Amino acid sequence: MIKEATSKGRDYMLNLLQIIFSFIGVVIAVYDLNVNSVDLSSYVYLFLGASFLTLAVSQLKEKKKRIGMLTILVTLLMFYVSFQGIFFA
């Protein structure tokens with residue numbers, strides 16, 4: 001019973017983190033579109049990559065290994081693009 005409660009709490013935290021990261025990414029993207037600039041697009045990729053990472057962890061916890069690994073691959077690509085834009089641009 002205690003194990004189920006902590007598992008549900010962790011799932012709740014993963015979902016909350018995913019919503020927060022997605023919201024921050026969308027807010028930055030909308031701001032970036034209104035300013036007519038692409039300076040913040042790397043940060044959009046960073047936060048959406050973090051959102052995808054939480055999605056991948058929740059998929060792996062549900063024993064959906066194929067979609068979880070694919071999501072991790074997409075996350076790594078998003079982090080790579082984001083870090084390229086932030087540090088090397």
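Since we're looking at a predicted model, the values are computed, not measured.
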[X] versus [Y], closest heavy-atom pair with distance:
X     : Y     : value
Thr71 : Ile67 : OG1-O, 2.6 Å
Ser82 : Tyr45 : CB-CB, 3.9 Å
Met78 : Phe52 : SD-CD1, 4.1 Å
Asp11 : Lys61 : OD1-NZ, 3.1 Å

Nearest 0.5 Å, please: how far is [atom2] in [Y] from [atom1] in [X]?
X     : Y     : atom1 : atom2 : result
Leu53 : Leu14 : CG    : CG    : 9.0 Å
Leu17 : Tyr12 : CG    : OH    : 10.5 Å
Leu70 : Lys65 : CG    : NZ    : 15.5 Å
Leu46 : Ser51 : CG    : OG    : 11.5 Å
Ile24 : Phe47 : CD1   : CZ    : 5.0 Å
Arg66 : Leu60 : CZ    : CG    : 13.5 Å

Can you confirm whether [X] sits close enough to [Y] that some side-chain heavy atom of one is under 4.5 Å from a side-chain heavy atom of the other?
X     : Y     : result
Ser42 : Val81 : no
Leu77 : Leu73 : no
Val35 : Leu40 : no
Gln18 : Asn15 : yes

Partners of Tyr31 by ring-ring contact (aromatic ring centres under 6.0 Å, His included), sequence neighbours excluded?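 Tyr31 satisfies ring-ring contact (aromatic ring centres under 6.0 Å, His included) with no residue once adjacent residues are dropped.
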
Suppose we screen for ring-ring contact (aromatic ring centres under 6.0 Å, His included). Which residues come up paired with Phe87, at least two apart in sequence or across chains?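 In terms of ring-ring contact (aromatic ring centres under 6.0 Å, His included), with neighbours along the sequence ignored, Phe87 is linked to Phe83.
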
Taking atom CZ as the centre, does Phe79 end up with more than 12 heavy-atom neighbours from other residues, nucleotides or ligands that are less than 6.0 angstrom away? yes

Ile86 atom CD1, over 12 foreign heavy atoms within 6.0 Å: yes

Kindly work out whether a path of hydrophobic side-chain contacts (I/L/V/M/F/W/Y, heavy atoms less than 4.5 Å apart) joins Leu48 to Val74. yes

Are Phe21 and Ile72 co-members of a hydrophobic cluster defined by side-chain heavy atoms under 4.5 Å apart? no

